[in-house]
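Let me begin by presenting the structure, written as structure tokens, before commenting on it.
Fair warning: this is a prediction, and the values are worked out from it, not measured in the lab.
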Amino acid sequence: MNRNLNASTRLTARKYKQNALLYLLAILLSSAAAFFAYRLWRINLSETPIDYYNDALPGLVNIRLMMENGGMGYTSDRLGTPFGYTTFDFLQNDYIPQLLTKFLTLFTSNWILVFNLTNLLSFPIVACVALCVLRKLDVEPRVAVVMAVLFSCSPFHYYRAFRHGSFALCVSIPVAVYYILRLMRGEAILEAKNHYLNRNNFGYVLAMILLGICGVYYAFFTCFFLCVAGVYILIREKKLSRLKETVLSIVLIVCTTVIGYLPTILYRMKNGANTAVAVRTAAESELYSLKLSQLLLPVTNHCVSFLASLKDFFNTSFSVNANENDSVTLGLIFAIGFLILLLSFFQKRSKENTEIRYIQELACLNLSALLYASSGGLILIQALIFTQIRCGNRISVFISFFSCVCVGLLLSRLLKQTRVSRIPSGVISLGLAVLLAVGLLDQTSTDLARDYEEISSQVQSDRSFVETIEEMEEEGSMILQLPVVRYPEAGTVNEMKDYSHFVGFLYSDTLRWSYGVMYGRDGYDALDDLKADDLTAEELVRIAASMGYTGIYIDEDGYTEEELSSLKEGLEEILDETPLVSDKGDKLYFSLTEYVSRNGVETDYLSLICAEGFYGEETGGDSSWNWMQEEGTIRIFNWSDQEQSVTLTLTISSPWEEEYSFLLSSDEGNEESEYVLTKGENQCVLDITLEPGCNTFTFSTDAPAIETESDPRNMHIMLTEVRMEPA
């Protein structure tokens, strides 16, 4: 008996050792593939971020905030000053990469190194999760390693890393596919032993939670495939009772996703919804849809020149609008698997062969993904209901794993064949190594290796520039950043890349920066006073100083040459000083300290914001107006630290012959006036006291809405003029 126990123990130990070697091999191979794809021997990972532009910058800021403030880096009082910075209106529910980042910040305060490591670690992590699932699906160990590494190093992953971390760390995809396949095969996922309180069920619930916190896109797509699996089960078994685990999975994922969005939900309950941020249109669902040709064609700028030319010829000849959907390329090996899955959908169902059954179930999922996400697919019908899920191309990572499993199962079956099994193991391993090398080469683009010398030069210039500003100004000083651009998703402004203003915050420890006020919130509207085209340099300086800013930071790329020249000359004349210039000559800084010392500061500056209940300004001839709804909000921001008494005058035009009322009151209810509106212009005057900061006033009218077939807006009366004068 002891002899049998010892043999069993040795067998178990050998099994664990073999598995450990498989995972170690997957880690080493995927890490080496990323190392060579990004040419990492050219970069110092602790000093230079692998990506430094556009969507990479919010990721860098998030890490910096984690280190500075603790928590998850969602808020800061050093950004969006004086209103503050918060991302709750733009939260992505991607907690897994966030937790990985948070973990790394425990070991180093170098935010550049953490950024690089977070994204680079996504390759071995995804490879290990994919390997685990492939082994559970009985893919031969060596084949599983090859397929897992190829999946981890897919063009989709390469493209998303350093730009969209939540999509790069796609650990939820293999887990989702594993459980969906089990459901489609008729396996019971939940075990009844110990009143359902057992290790298996705990693992299942944990997996569903994982699926709900890896980003809303992956959660949504998983629920979509679960619905497909439900239909598949219903057709095959014709028993509604068999759907209980499918429904439970969807419920768990949806509930977890909602819980993940609780910070946003609570924030919006307190501050109201922000309808200006992340606005998506139905047309974008077609723009960012999946395209079959892009799945099968080579990766853009393939490392083989002939294939690179072929892809470029396709994009230019057919005027393809290559956006993020250009990253959906499967690569040669997975493209073969994809085509096999398409053909397998029409194959007669096998009841005996395990590999073939898996492939037929994958074929069903694969086809459903195409029907949903492809150009002109079902996603357009979904877009008529809701538009937040608009990028159908992102489902390609599921298609990639479907193909990965398909090829893995077929190769495993091939290795079980009698003739193949006679081939020496070393020869088979060599063949798989060649397959892996060819696959990795085929999935690699020459674009992946950034111009690290240029990035390093830009980093050094920005760091030196900001550190010099910090030496010039006192701790806590507020810096106005021009041009004023929206956050988030401003896009490119002239030559200025999105999120470029974040570099000021990244390299300072004590200064406060104006950029980062959430678009659609009152703070952004207040800063909008500094965007006016007819604002002179003198007015700009006067308003900025009265708002409390002690300096003006200018990104030259945000202006045309003529605009920049005019702004620079005007500021030099008003401030009587030359600006600080960055080493690369792309940024300027003017200090307002001497100007304030000479001229003082106007402390009565006010910003008026027509918030809810107003439509955009319209013009005709020499007049302008805003249509108003039956209820709305006006906000006045008092930039001083003292109360101010002012007279607020609204000129309101009524199109109605009858008399109607108009009520204007403060939120506190201590200042309220009711007016009678007659046809034509009416002046509504209210003497008010403004506290420092934001003061809110509401209006309401019983005037009816104008009925017109050509304009569906809810228009009641017109605001033609607003004046504020000292009381």
Side-chain angles (χ1 to χ4, degrees), residues 77-84 462-484 501 503-505 507-517 523 526-532 534-556 558-559 563-583 585 587-607 636-646 690-694 724 726:
D77 61 357
R78 289 208 306 115
L79 281 164
T81 185
F83 306 96
D462 291 341
R463 177 183 284 116
S464 175
F465 180 66
V466 174
E467 288 177 350
T468 303
I469 296 174
E470 196 158 44
E471 292 172 1
M472 295 169 56
E473 305 295 350
E474 295 181 0
E475 182 176 339
S477 294
M478 291 166 45
I479 311 300
L480 174 65
Q481 293 174 279
L482 298 179
V484 175
H501 275 332
V503 299
F505 167 79
Y507 300 109
S508 68
D509 296 318
T510 63
L511 297 178
R512 303 167 63 202
W513 304 85
S514 65
Y515 179 69
V517 179
L527 286 178
D528 207 40
D529 285 352
L530 301 170
K531 285 181 64 177
D534 57 351
L535 205 64
T536 66
E538 183 176 4
E539 291 171 329
L540 172 63
V541 170
R542 177 177 56 81
I543 295 173
S546 66
M547 288 179 170
Y549 294 106
T550 59
I552 297 176
Y553 165 110
I554 299 172
D555 191 318
E556 294 188 2
Y559 294 92
E563 290 171 340
L564 180 63
S565 177
S566 175
L567 177 61
K568 181 181 176 183
E569 290 175 3
L571 290 175
E572 286 177 337
E573 180 179 351
I574 297 301
L575 299 175
D576 192 24
E577 64 175 60
T578 56
L580 173 69
V581 183
S582 65
D583 293 342
K587 296 177 179 68
L588 305 174
Y589 180 73
F590 289 91
S591 176
L592 302 183
T593 305
E594 291 298 324
Y595 171 85
V596 171
S597 178
R598 291 194 309 265
N599 302 282
V601 178
E602 295 182 10
T603 60
D604 59 349
Y605 185 71
L606 306 172
S607 294
I636 303 174
F637 196 88
N638 176 10
W639 291 90
S640 73
D641 57 1
Q642 304 290 328
E643 288 185 353
Q644 293 193 53
S645 297
V646 299
L690 301 175
E691 300 290 336
C694 188
M724 283 189 297

Closest contact, heavy atoms only, [X] versus [Y]:
| X | Y | result |
| --- | --- | --- |
| Leu580 | Met472 | CD2-SD, 4.1 Å |
| Glu473 | Ser591 | OE2-OG, 2.9 Å |
| Trp513 | Ser508 | NE1-OG, 2.9 Å |
| Ala537 | Leu571 | CB-N, 3.9 Å |
| Tyr549 | Leu527 | OH-CD2, 3.2 Å |

Hey, could you give me the [atom1]/[atom2] distance between [X] and [Y], rounded to the nearest 0.5 Å?
| X | Y | atom1 | atom2 | answer |
| --- | --- | --- | --- | --- |
| Trp639 | Met547 | CH2 | CE | 4.0 Å |
| Leu606 | Leu690 | CG | CG | 6.0 Å |
| Tyr515 | Leu79 | OH | CG | 9.5 Å |
| Arg512 | Ile479 | CZ | CD1 | 10.5 Å |
| Ile552 | Gln481 | CD1 | CD | 11.5 Å |
| Phe83 | Cys694 | CZ | SG | 8.0 Å |

Check whether any side-chain heavy atom of [X] sits under 4.5 Å from a side-chain heavy atom of [Y], and report yes or no.
| X | Y | value |
| --- | --- | --- |
| Glu643 | Glu691 | yes |
| Asp555 | Val503 | no |
| Leu592 | Leu480 | no |
| Arg78 | Phe505 | yes |
| Ser607 | Met724 | no |
| Pro579 | Tyr589 | no |
| Thr536 | Ile574 | no |
| Glu470 | Val466 | no |

Test ring-ring contact (aromatic ring centres under 6.0 Å, His included) applied to Phe590 - qualifying residues, sequence neighbours left out: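 By the ring-ring contact (aromatic ring centres under 6.0 Å, His included) rule, Phe590 matches no residue at all.
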ring-ring contact (aromatic ring centres under 6.0 Å, His included) partners for Phe465, two or more places apart: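 Only Tyr553 meet the ring-ring contact (aromatic ring centres under 6.0 Å, His included) criterion with Phe465.
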Are any side-chain N or O atoms of [X] and backbone N or O atoms of [Y], one a donor and one an acceptor, separated by less than 3.5 Å?
| X | Y | answer |
| --- | --- | --- |
| Ser477 | Leu511 | no |
| His501 | Pro483 | yes |
| Ser582 | Asp462 | no |

CD (Glu563) with more than 12 external heavy atoms under 6.0 Å: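 Buried by this count: over 12 neighbours within 6.0 Å.
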Heavy atoms of other groups near Glu573 CD, more than 12 under 6.0 Å: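 No.
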Do any side-chain atoms of residues 594-601 form donor-acceptor pairs under 3.5 angstrom with protein atoms, and if so which ones, sequence neighbours left out?
from	atom 1	to	atom 2	distance (Å)
Arg598	NH2	Leu575	O	3.4
Asn599	ND2	Tyr595	O	3.0

